[in-house]
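Below, chains carry the letters A, B, ... as their sequence lines are ordered, and counting in each starts from 1.
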Amino acid sequence: MELSVDRLTKQYGSKIAVDCVSTVLKPGVYGLLGENGAGKTTFMRMLCAILESTSGEVFLDGREIVSMGAEYRDILGYLPQESGYYPNYTAKEFLLYMAALKGIPGDVAQKRVQELLEVVGLSDVAGKKMKTFSGGMKQRVGIAQALLNYPKLLILDEPTAGLDPKERVRFRNLISDYAGDRIVLLSTHIVSDIEAIADEVLVMKRGKVLTQGTVSELTKKAAGKVWELTVSPAEAKIWQEKAAVANLRHEGEQVVLRILSDDKPTEEAVSCEAGLEDLYLYSMREYLR
Amino acid sequence: MNSRELERYLRDSFGRGEEIKPEKEAETVARCMEAMRRYGDCREEERTGFWQFLSDVFRFEGLLIFGLQAGVLFLICMQIGAIEDVMHYVPAFTPLFALAVMPVLLRSQFYKMGEMEAVTRASGAEIILAKLILAGAVNLIGITVVFGLVMYRRQSGEEIGQIILYGLVPYLVCMTTILRLIRLRRKERLPVCAVATICYCLVWGISANKMPQVYETSAVGVWIVLFIAFAGFFWREIRFIIENKREGKLYGIIG
């Protein structure tokens with residue numbers, strides 16, 4: 001299975017939300033990183049065929065997805081960024097309702113709903129109305145509904161938002177297990193989530209895919225650009241203004257800065273190992289100053 | 001059958017034959033298992049058809065649809081009992097049935113479920129069509145009850161044709177407007193449409209007293225022309241939904 005994106009563009013008036021994005025997604029987990037307004041949600045909505053592109057197309061195994069209609073939606077699972085819910089439905093009723101919309105026969109749906117409620121850790125509150133749920137619980141129901149039809153293409157827009165650390169780990173394990181020969185695309189601001197499960201990472205900025213590659217490929221790009229510098233609190237303020245400071249931590253009277261820079265910022269700076277977060281912040285470094 | 005059981009089964013089967021080379025046996029077992037795995041992946045899961053889908057929508061939305069329509073019918077029945085010249089007020093009653101359909105059609109938008117529902121196998125058109133079939137059937141019953149009660153109050157079956165026209169024309173005007181706004185994805189105009197429908201009822205109610213000429217037998221021709229025109233517009237909207245459903249295209253307000 002191959003999802004190929006060909007010069008996909010979305011324009012709202014004079015604003016270009018997604019700018020001529022071309023990429024190929026093959027089975028595996030893809031992480032989509034980018035600041036707010038980078039075009040991630042617009043890109044994902046076009047991949048789900050719920051938003052018409054201004055130009056460009058998306059093909060699944062050579063077939064244009066909009067023309068595939070129900071056949072495409074049948075293999076698709078999607079969790080929107082702002083996922084709604086019917087407050088008077090219980091978690092089980094909600095999932096059965098979504099299963100009905102997905103065309104899953106009743107007996108199969110009953111079994112699958114039970115199974116997914118256990119997977120997302122909500123089987124003990126399956127009979128409770130969703131209006132009583134916390135944000136994280138609603139998010140878990142949203143994840144469960146996306147998996148109802150065992151989609152071959154799973155698109156999750158900020159699935160870890162609202163999940164506590166334990167649930168995030170459970171979610172990461174779930175996605176890793178699930179992926180196999182399926183395509184999973186997820187966006188999040190939590191770089192460590194992507195670092196943990198993504199086979200490939202796409203970094204978006206101002207509607208364009210800045211870079212795409214495996215975590216190790218991308219971290220190599222940031223190698224030699226990450227520096228640590230120990231300074232006084234007064235100096236730290238100066239450094240924050242003149243350099244891209246990715247992190248700042250206090251050690252006694254001193255402050256340790258993590259600086260992203262092509263060149264060694266000062267003789268006292270020490271080069272350190274780069275992570276995906278460094279690469280991401282390096283790509284967005286103008287916002288750090 | 002899981003992969004371990006399959007492997008055991010294949011090995012047992014080979015064990016019964018003669019002169020089988022061990023290396024070929026392993027290769028064949030691996031090939032069969034790969035084929036079974038592929039078959040398992042490619043096997044398409046069964047999906048429900050439209051009538052099963054309609055029954056599911058009824059199961060989940062039926063109570064809301066029937067509740068709202070029953071509420072409207074009850075209010076109208078109360079009015080029919082209280083008003084003297086009830087026939088001229090029929091145009092003020094029937095748009096309320098259309099108004100009661102709106103929460104059902106727009107529930108997913110209200111609860112921000114539009115996107116989630118739009119990516120399911122059932123297209124937006126299929127969901128709206130199922131809701132319209134159910135709500136339309138209840139509307140038909142409700143409107144028939146209203147016509148029956150009006151005739152009962154008048155103690156006469158005369159002018160039944162006029163009563164039907166007075167009832168159906170405003171209903172079709174409202175339903176066509178609602179469906180057109182949904183088709184054109186004019187989300188922001190739908191609350192205006194709801195208010196306009198209520199105002200529309202008031203205008204027709206006032207017209208019963210202030211413009212009696214509208215209800216004279218000589219005006220029936222105009223009512224017939226309006227009926228044909230709006231039945232045509234309404235059918236056009238329904239046909240558009242059916243075509244979208246057939247082609248699996250997106251329909252309506254998504255997000």
Side-chain angles (χ1 to χ4, degrees), chain A residues 1 27 41 44-45 47-52 66-89 93-94 96-109 112 130-131 141-142 145-146 148-155 157 180-182, chain B residues 34 37-38 40-64 67 103-104 106-128 130-131 185 243-255:
Chain A
M1 190 170 63
T41 297
M44 286 181 146
R45 293 179 79 203
L47 292 188
C48 289
I50 53 170
L51 184 67
E52 281 173 36
V66 177
S67 64
M68 284 176 75
E71 202 187 330
Y72 179 67
R73 294 195 298 273
D74 212 15
I75 58 149
L76 178 66
Y78 175 54
L79 174 72
Q81 189 178 26
E82 286 178 15
S83 57
Y85 65 98
Y86 292 123
N88 285 320
Y89 280 177
E93 281 169 346
F94 180 81
L96 285 172
Y97 172 73
M98 291 306 296
L101 297 190
K102 287 173 188 243
I104 301 169
D107 49 342
V108 181
R112 201 161 296 170
M130 285 186 68
K131 62 184 172 191
V141 178
Q145 70 75 29
L148 271 170
N149 53 334
Y150 290 153
K152 289 182 180 159
L153 172 60
L154 181 62
I155 297 177
D157 198 353
D181 54 357
R182 297 171 171 99
Chain B
E34 177 60 19
R37 193 188 62 78
R38 280 197 189 153
D41 284 351
C42 298
R43 191 173 45 198
E44 286 196 359
E45 206 175 58
E46 193 193 341
R47 292 286 180 253
T48 54
F50 181 70
W51 298 109
Q52 179 57 47
F53 174 69
L54 188 67
S55 140
D56 288 332
V57 172
F58 175 74
R59 189 155 51 95
F60 287 103
E61 311 260 1
L63 195 65
L64 179 69
V104 178
L106 303 171
R107 195 162 83 113
S108 52
Q109 280 74 50
F110 184 78
Y111 290 113
K112 295 180 179 171
M113 283 289 296
E115 271 188 65
M116 221 185 259
E117 290 183 0
V119 295
T120 59
R121 184 180 171 81
S123 62
E126 197 165 347
I127 299 170
I128 292 275
K131 288 177 177 178
R185 299 176 184 176
E243 276 170 15
N244 271 254
K245 179 211 164 276
R246 201 177 293 142
E247 292 166 21
K249 285 184 184 168
L250 290 175
Y251 171 86
I253 302 151
I254 291 159

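Among A:Leu96, A:Asn149, A:Val66, A:Leu51, the residue with the largest count of heavy-atom pairs under 4.5 Å with chain B is A:Leu96. Contact count versus chain B (heavy atoms, under 4.5 Å) is highest, among A:Glu52, A:Met68, A:Arg112, for A:Arg112. Ranking A:Leu76, A:Leu79, A:Ile104 against chain B, the residue ahead of the rest is A:Ile104, based on heavy-atom pairs under 4.5 Å.
Shown here are the side chain to side chain donor-acceptor pair (under 3.5 Å) partners of A:Tyr89, two or more places apart in sequence or in another chain: B:Arg107. In this structure, the side chain to side chain contact (heavy atoms under 4.5 Å, CB included) partners of B:Ala125, at least two apart in sequence or on a different chain, are B:Ser123, B:Ile241, B:Asn244, B:Lys245, B:Tyr251.
Neither the backbone nor the side chain of A:Ala146 comes within less than 4.5 Å of any heavy atom in chain B. Of the two parts of B:Phe53, only the side chain, counted from C-beta on, holds a non-hydrogen atom closer than 4.5 Å to a non-hydrogen atom of chain A.
Using modelled atom types, one finds no donor on one side chain facing an acceptor on the other under 3.5 Å when comparing B:Tyr111 with B:Glu117.
Between the A:Lys152 side chain and the A:Asp74 main chain, no donor and acceptor come within less than 3.5 Å of each other. Between the side chain of B:Lys131 and the backbone N or O of B:Val104 there is at least one donor-acceptor pair closer than 3.5 Å.
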